[in-house]
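Written out below as structure tokens is the structure these notes cover.
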Amino acid sequence: MIPYSSFSFFMILGILFVPVVVLGYKEKRSIVYNSLVHAVILLLAFASDIHQLVSFIVYIVWQVILVNWYAAYRKEKNEAGVFYAVVFLALVPLLVTKLLPVWDVSNIVGFLGISYLTFKTVQMIIDMRDGALKTATLKEQLTFLLFSPTISSGPIDRFKRFQKDMETIPTREEYRLLLYKGINKIFLGFLYKFIIAYVINDRVIETPFIQAHTPLSTFIYMYAYSLYLFFDFAGYSAFAIGASYIMGVKTPENFNLPFMSRNIKDFWNRWHMSLSFWFRDYVYMRFVFWMMKKKWIQNRYTVSYIGYFLLFFLMGVWHGLELHYVAYGLYHAALMISYDYFERKNKQWKIWKKNKVTEVLSIIITFHVICFGFLIFSGRLF
Amino acid sequence: MGTMMKKIKTFFQLPYVCWTVKMSYYLLILLGLLMIYGFKTTNSSAFIYNEF
């Protein structure tokens, strides 16, 4: 059973959450009961496919061994080669999962949510390398990795932030607010996923006219698919965040009105935020810092542009090795670099002045540019 | 215009109005679900991002 994809899942979730809510109102948290909730949800997600369940267990053991080993090693030494080797080893299961379909080999390694668990593990290893994270006990690691509301597709939380929530038991009033927000989020998820996304898919995308692949149908499909993708993913995120809130964890937001973005930079601060911030912090920033330290390229803008290229190329490839995903990544890299260049030049030339009219125009232009990106992403073009 | 907006804002901040609006919002969503799926349990397809 895929989390949040059926009403029966919500019924089970509702029953499981009753003791959590009662305890929350009493300003208590039962680690044993919460673990049981996670175990039930994980079993629901993986038990129907024994390959997935085995892969999931082996994966968790593998990542825990890696993180623990690196934490112990980091107390003594800090060799760059060892760090890169550990990051690579943490990425191996995900790389295999992405590569097997390309080689037409059945994927027995992958399971639902492997990407998001990998982001969490790699983040912990990098934070240990930087000294931002000194230790993480086995219990803390498992609580972070196996937090069931966000297991299948995020949002990607940060270990330290998550840990803070785990260590703090909300007061009655704080929990009442969390519960209220959680229920609100779940209802928003119903509206997005089961009503709006369903209607867009059923009444527009799946119609014979749109499936006909004429220029007009592709044009309409571009907007319909963009909205469908948003309501589908934002719906999922609302469910995951809502369930987290009910469990007393303030999982970060994934979306903030992305179609109201004024430019492409603004868009990536509003769309799939937990992933884009992860790539910004752990790929782009690290790359730029590393390049500046090495001084191989003097021009900081060139370094920044290579960083953008790397970030979006990796983001594209992460979705899959199919051409349309790679093209999607490169398209956004090109947009980001072009916009950054334009923004710099505009400061000198003052072509695009800031006022209400240009702001509205910027939102309209950005919307169409983004939708074209989603058309590439959908794989309909090639 | 400013006074009118202020009055509307104050009206929507009244606890019973807030409660009614929220309840109507939840009920409308439930009604929408009922209209689309009836009393059958939906077997909606997975989320797009589950694939990644």
Side-chain angles (χ1 to χ4, degrees), chain A residues 1-11 45 94 97-98 101 110 112-116 151-155 180 183-184 186-199 201-202 225 228-237 239-240 254 272 275 315 318-320 325 374 377-378, chain B:
Chain A
M1 187 186 278
I2 295 163
Y4 314 114
S5 70
S6 64
F7 292 142
S8 34
F9 179 86
F10 286 97
M11 284 175 201
L94 181 64
T97 305
K98 295 286 178 190
L112 182 69
I114 187 169
S115 294
Y116 291 88
I151 199 84
S152 54
S153 306
Y180 174 71
I183 293 170
N184 245 326
I186 290 173
F187 268 87
L188 186 72
F190 281 132
L191 177 67
Y192 279 9
K193 167 69 181 170
F194 291 111
I195 298 178
I196 302 177
Y198 172 84
V199 170
N201 189 44
D202 194 60
Y225 181 80
Y228 174 61
L229 183 65
F230 168 73
F231 285 111
D232 181 272
F233 195 25
Y236 160 83
S237 300
F239 289 138
N254 242 356
H272 203 174
L275 180 79
M315 199 190 267
W318 165 71
H319 284 96
Y325 292 132
F374 288 136
F377 179 86
S378 73
Chain B
M1 193 68 180
T3 328
M4 192 66 184
M5 283 302 285
K6 215 175 167 183
K7 271 185 182 172
I8 293 169
K9 241 180 172 176
T10 318
F11 174 74
F12 278 103
Q13 277 167 353
L14 291 170
Y16 64 89
V17 177
C18 260
W19 189 87
T20 314
V21 169
K22 279 278 170 195
M23 276 301 145
S24 312
Y25 165 71
Y26 292 146
L27 280 172
L28 277 173
I29 291 173
L30 288 175
L31 199 71
L33 292 173
L34 206 68
M35 276 171 69
I36 295 172
Y37 303 98
F39 287 99
K40 288 173 286 176
T41 173
T42 169
N43 195 16
S44 162
S45 58
F47 297 88
I48 296 171
Y49 263 75
N50 282 168
E51 287 176 30
F52 310 121

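Scope of the values below: all heavy atoms of this structure, side chains included, with no hydrogens, waters or symmetry mates. The chains referred to below are lettered A, B, ... by the order of the sequence lines, with proteins before strands, and numbering in each begins at 1.
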Not counting sequence neighbours, which residues clear side-chain contact (heavy atoms from CB on, under 4.5 Å) with Ile151(A)? List them please.
Leu42(A), Phe56(A), Leu117(A)
Side chain / backbone / both / neither for Phe187(A) at chain B, heavy atoms under 4.5 Å
both
Contacts of Ala234(A) meeting side-chain contact (heavy atoms from CB on, under 4.5 Å) (sequence neighbours excluded), chain-then-number -> Tyr192(A), Phe230(A), Phe255(A)
Per-residue contacts, residues 20-29 of chain B versus chain A, heavy atoms under 4.5 Å:
Lys22(B), Tyr25(B), Tyr26(B), Ile29(B)
As an exercise: rank Ile183(A), Ile114(A), Asn184(A) by heavy-atom pairs under 4.5 Å with chain B and give me the winner.
Asn184(A)
Between Tyr4(A) and chain B, which part of the residue has a heavy atom less than 4.5 Å away: side chain, backbone, both or neither?
both
Under 3.5 Å, side chain of Ser115(A) to main-chain N/O of Phe52(B), donor-acceptor pair present?
yes
Cut-off 4.5 Å, heavy atoms of chain B, and the answer for Leu188(A) is both
Check whether Leu112(A) gets within reach of chain B through its side chain, its backbone, both or neither, counting any heavy atom under 4.5 Å.
side chain
With side chains defined as the heavy atoms from C-beta onward, is the minimum distance between Ile48(B) and Tyr228(A) less than 4.5 Å?
yes
Tyr37(B) side-chain N/O to Phe194(A) backbone N/O, donor-acceptor pair under 3.5 Å
yes
In terms of heavy-atom contacts, Asp232(A) and Ala46(B) come closest through OD2-O, 4.3 Å
Report the residues that fulfil side chain to side chain donor-acceptor pair (under 3.5 Å) with Tyr49(B), sequence neighbours left out, ordered by chain and then residue number.
His319(A)
With only heavy atoms counted, which part of Phe231(A) is less than 4.5 Å from chain B, the side chain, the backbone, both or neither?
neither
